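These numbers come from a predicted model, not from an experiment. Each chain gets a letter, A, B and so on, in the order the sequences are listed, and its residues count up from 1.
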Amino acid sequence: MSPLRRGAALAASLLVAAALAAGCVPRPPRETIAPPGSVASGTIEFWHFFSDREADAIQQAVDRFEAKFPQVKVVVRAGQDDDKTTQAIGAGQGPDVALSGTTDNVGKFCSTGAWRNLTPYLERDHVDLSDVPQLVQQYTTYEDRRCAMPLLADAYGLYYNKKLFAEAGIDAPPRTLTQLAYDAKQLTKRGTDGNLEQVGFDPLSGFYENSVAHFAVLTGARWMDEDGRSILGADPAWKTLLNWQKSMIDFYGYENIRKFQSTFGDEGSADNAFEKGQVAMNIDGEWRIASIAADEPADLDWGVAPLPVADNRPDLYGSGFVVGNVMGVARNSHNPEAAWQFVKFLSTDTDTVVSLANVIKNVPTLTSALRSPALTSDANFKIFLNISGNPKSSTSPLSANGTAYQDLAQAFVNDWQAGKVGNLDRGLRKLDDTINQALGE
Amino acid sequence: MTTTTTSHHAATRELAVQPRRRPAAFSRRTRHGFTVLSFMAPALIGILAFLVYPLLSALYFSFTRFNLLTPPTWVGLRNYGAMLHDANLLKAVENTLWLVAIMVPAQVLFGLGAGMLVASVRRGTSFYRTVFYLPALVPPVAGALAFVYILKPGAGPVNRMLSAVGIDGPLWFNDPTWAKPSLTLLALWGIGNTMVIFLAALLDVPANLHEAAALDGATGWQRFRLVTLPTLSPVIAFSAITGVIAALQYFTQAAVAASAANGEANTGGGSVASAFGDPEGSTFTYPLWLYLKGFKYNKLGYASAMAIVLFVVAFTVVAIVIRRSRSLSGEQS
């Protein structure tokens with residue numbers, strides 16, 4: 001075959017492939033909504049990410065729904081994450097209802113229409129959202145498009161080891177970052193060879209739940225301005241946070257703390273460093289209460305307190321980072337009315353939310369559920385309930401690009417704590433440029 | 001009545017022509033072609049459906065902005081241009097090149113050495129062959145997890161043994177300097193497949209050549225260099241090619257080892273991908289970034305461009321290695 005004919009054949013193949021490839025991407029279906037008073041019926045498929053004990057709790061909620069709405073049957077598929085959901089919806093298939101364990105992808109699901117706009121359903125059925133806390137309403141809406149409804153939330157607080165506190169002569173958990181640093185130093189033990197044997201607080205970002213997003217609330221650092229542009233270089237709270245973190249790392253020595261950290265067990269296992277007493281204070285979510293109860297670690301006398309905050313922001317004490325599970329009706333749903341019925345039931349039925357919160361040990365996402373006498377909570381869990389209800393609690397902003405901006409910030413902080421960033425101001429400004437570029441992609 | 005007559009005549013005509021053979025619809029050559037095609041069809045369909053079509057689709061998507069959830073839009077060469085300014089990509093390329101430059105030669109040398117060792121064993125041959133091959137049967141995820149445990153600083157058996165003899169062991173997978181060498185150790189442990197190929201080739205080296213060389217007074221090293229090595233050159237080339245391709249596609253072990261050694265921190269979503277590259281990006285390979293771009297950030301257009309570049313690089317490297325090995329083995333001369 002001559003080069004010319006070969007080139008023509010290749011070009012033709014490319015054109016055919018392009019046409020086929022483009023043709024294989026399903027077009028989004030038209031969204032229609034039934035008139036008021038319509039009765040939903042039929043079968044729906046529900047994908048969620050839970051497993052084991054938590055999946056059983058979800059199944060109980062599904063059973064309750066089917067008992068109340070016998071004309072709707074729910075087929076449950078457990079262990080489905082957002083990647084699978086996204087790919088299935090992109091292929092024109094997937095669930096009728098999807099439950100995500102993070103708000104990270106709400107921006108993507110809403111902006112692309114992968115999850116249906118629920119506002120018409122809410123308006124048609126006169127659903128009063130005032131029972132949903134403001135922060136929860138915020139993280140289930142992207143640019144005024146409500147495509148998600150909440151199903152339980154997570155709040156972050158400071159777990160502390162009471163026994164180690166008593167041994168160090170500390171009578172109360174720290175309220176400020178200065179106190180946290182002081183207490184951490186009192187609680188740190190080194191061996192005769194200088195190696196760390198116990199640390200008061202592990203300041204390395206990337207360790208367990210020490211993500212940049214969870215650290216940001218300690219100083220009230222903001223990610224973006226009103227126009228959605230990155231402001232890490234402009235908000236001095238970031239510099240306060242990172243300088244404080246670096247001073248903590250310098251106290252331990254970067255190599256020392258990393259070496260000690262490499263002896264920790266897996267976060268989700270009974271070898272968790274806090275449960276083993278290797279770390280005296282740890283930032284973690286309310287679900288750890290259930291894990292500690294299940295692991296029954298020997299010698300662990302523990303408590304929970306709100307996160308310590310920057311010395312110049314005492315007003316933030318009592319607030320924290322809040323995030324949650326969200327669910328939506330997939331755009332490919334063959335039965336959107338029944339799917340909405342299910343989503344509405346799970347997210348707005350107080351008894352169901354209370355019952356799920358009691359078993360899964362997550363924070364309810366209805367004010368009525370938070371106040372319900374049926375909600376079981378002890379002193380520790382109450383701390384998380386208070387954090388979730390605090391008006392100054394916050395979450396990470398939603399983005400159509402998911403966690404791209406957080407991941408870039410995490411990479412920067414990894415370099416910072418390793419001592420690879422010379423000029424913090426310049427580094428943060430450059431980070432802003434990189435994030436803005438990523439957000440604009 | 002008339003109708004009946006007509007039908008009768010038509011039937012008679014049909015009977016009259018029946019004994020005549022119909023001319024062949026296809027020539028013998030065409031029929032032969034169909035036969036060959038029918039035998040090849042299962043493989044051809046597989047290649048077209050699972051190789052050619054995805055490859056051409058990826059090529060098309062690489063010129064688009066595509067997030068999997070909305071129809072792709074044409075952006076020309078923008079994805080390829082963006083790769084030039086991608087800091088994460090640069091990091092991933094550096095790590096992948098390290099694996100190609102260090103891990104692949106180490107695998108070839110270790111495979112050859114293990115093959116020679118096993119070939120020289122006179123008693124218990126089957127036992128040693130099985131022992132060396134066994135790790136190759138271990139699933140990559142299980143192997144990576146086992147190595148993270150074995151090399152775990154403090155609690156791991158390797159560092160305990162080192163400590164017993166007064167050596168302060170490194171942090172292995174938790175140290176950016178040692179993470180890639182640790183992955184290399186893992187790769188050498190699972191060298192079974194390469195070793196078996198080398199062993200077969202070593203056993204194929206004609207004994208009379210060795211005898212002749214020995215009679216001529218050649219030393220052991222000279223016999224290895226001038227007799228064994230030239231015979232092995234196609235196998236070395238094969239190992240290098242498959243090794244380079246595997247290194248360019250290195251994903252599973254890097255992802256699992258980083259996540260397991262990290263103990264797992266995340267941004268609230270519980271995604272394993274959050275630990276990719278740990279510690280400090282030292283295990284962040286090209287395919288990991290491709291995966292993250294495609295399936296975490298849903299930049300399928302950009303990820304497709306990365307896949308095309310990877311394909312072109314792999315194709316070029318393989319072509320160079322083949323050409324080089326041919327010239328070394330004297331085929332071209």
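The candidate from A/A404, A/A114, A/G402 with the greatest count of non-hydrogen atom pairs under 4.5 Å with chain B is A/A404. Between chain A and the residues B/L171, B/T64, B/N88, the largest count of heavy-atom pairs under 4.5 Å involves B/L171.
Of the two parts of B/K293, only the side chain, counted from C-beta on, holds a non-hydrogen atom closer than 4.5 Å to a non-hydrogen atom of chain A. Within the 4.5 angstrom heavy-atom criterion, no atom of A/D81 approaches chain B. Using a 4.5 Å cut-off between heavy atoms, B/D168 contacts chain A through its side chain alone, with no backbone atom that close. Residue B/R78: no heavy atom, backbone or side chain, is found under 4.5 Å from chain A. Using a 4.5 Å cut-off between heavy atoms, A/Q417 does not touch chain B at all.
Side-chain contact between A/Q261 and B/N174 is absent, with no heavy-atom pair separated by less than 4.5 Å. Between B/D175 and A/K259, every side-chain heavy-atom pair lies at or beyond the 4.5 Å cut-off.
One distance of note links OG1 of B/T70 with NZ of A/K108; it measures 11.5 Å at 0.5 Å rounding. A/S262 OG to B/N159 CG: the interatomic distance, rounded to the nearest 0.5 Å, is 8.5 Å. Note: A/T112 OG1 to B/L68 CG = 9.5 Å, rounded to the nearest 0.5 Å. Put simply, CG on A/D83 and NZ on B/K296 are 9.5 Å apart, with the number rounded to the nearest 0.5 Å.
More than 12 heavy atoms of other shown residues, nucleotides or ligands fall within 6.0 angstrom of atom NZ in A/K84. Counting non-hydrogen atoms of neighbouring residues, nucleotides and ligands closer than 6.0 angstrom, the CG atom of A/D52 reaches no more than 12 such neighbours. Applying the 6.0 Å contact sphere to CZ of A/R145 captures more than 12 heavy atoms from other residues, nucleotides or ligands. Around atom CH2 of A/W223, more than 12 heavy atoms belonging to other residues, nucleotides or ligands sit under 6.0 Å away. Within 6.0 Å of the NZ atom in A/K276, the count of heavy atoms belonging to other residues, nucleotides or ligands does not exceed 12.
Shortest non-hydrogen contact noted between B/L69 and A/T86 is CD2-O, 3.6 Å. Closest approach of B/E280 and A/R258 over heavy atoms only: OE2-NH1, 3.0 Å. Between B/F295 and A/Q87, the shortest heavy-atom contact is CD2-NE2, 3.2 Å.
Within residues 305-318 of chain B, no residue has any heavy atom closer than 4.5 Å to a heavy atom of chain A.
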